[in-house]
Amino acid sequence: MLWPYRPHAAGWAPSRDTPHSYERAAYLEALAVIDPGGLDYTHTESLWDCEERARLLGVAHAPAHPEALERIAALRDDPMETPDVRAGAEARLERGAAHRADRAPPGVSA
């Protein structure tokens, strides 16, 4: 039960605090329901996780900071990465590019 841990969710790092790597994605999903704010760091850290589901959550939810976007691009381009993570990274980067293009002033490319 994670509810008692809600006050500590923002500083929690599943990559260090779970005894089994396969649990991390489930913890991330649960924390996102319990306390969705404050998980930017945790989602960014998940981009380096050994578990595919955790990396997918990181790809989908990490903030659009340069370090995270650089790592997402690396995941997209890594021939050893799983097809789902590569596709998720590609989609995330395309959404970001489309968002920047939508926000650019007329006549200026993003």
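Residues: numbered from 1 along the sequence shown.
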Atom pair CG (Asp77) and CG (Leu93), whose distance is rounded to the nearest 0.5 Å: 8.5 Å
Ala32: partners by side-chain contact (heavy atoms from CB on, under 4.5 Å), with sequence neighbours left out: Leu39
Non-neighbouring partners of Arg76 that pass salt bridge (Lys or Arg N to Asp or Glu O under 4.0 Å), sequence neighbours left out: Glu90
Euclidean distance, Leu75 CG relative to Arg86 CZ, rounded to 0.5 Å: 10.0 Å
Residues forming a salt bridge (Lys or Arg N to Asp or Glu O under 4.0 Å) with Glu70, sequence neighbours excluded: none
Straight-line distance of Leu57 CG to Asp49 CG, nearest 0.5 Å: 9.5 Å
Nearest non-hydrogen partners of Ala62 and Leu47, listed with the distance: CB-CD1, 4.1 Å
Taking every non-hydrogen atom, the tightest pair across Thr44 and Pro63: OG1-CD, 3.3 Å
Qualifying ring pair (Phe, Tyr, Trp, His ring centres under 6.0 Å) pairs, either residue in residues 42-77, two or more places apart: His43-His61
Partners meeting side-chain hydrogen bond (donor to acceptor under 3.5 Å, both in side chains) with Arg92 (sequence neighbours left out): none
Trace of the side chain to side chain contact (heavy atoms under 4.5 Å, CB included) decision for Thr42 with Leu31: CA-CA 10 Å; Thr42 306; Leu31 283 172; 5.6 Å; no
Point-to-point distance, once rounded to the nearest 0.5 Å, from CD of Glu23 to CG of Leu28: 12.0 Å
Salt bridge (Lys or Arg N to Asp or Glu O under 4.0 Å) partners of residues 50-65, not counting sequence neighbours, each pair once: Glu29-Arg53, Arg55-Glu81
Between OH on residue Tyr41 and OG on residue Ser46, distance to nearest 0.5 Å: 10.0 Å
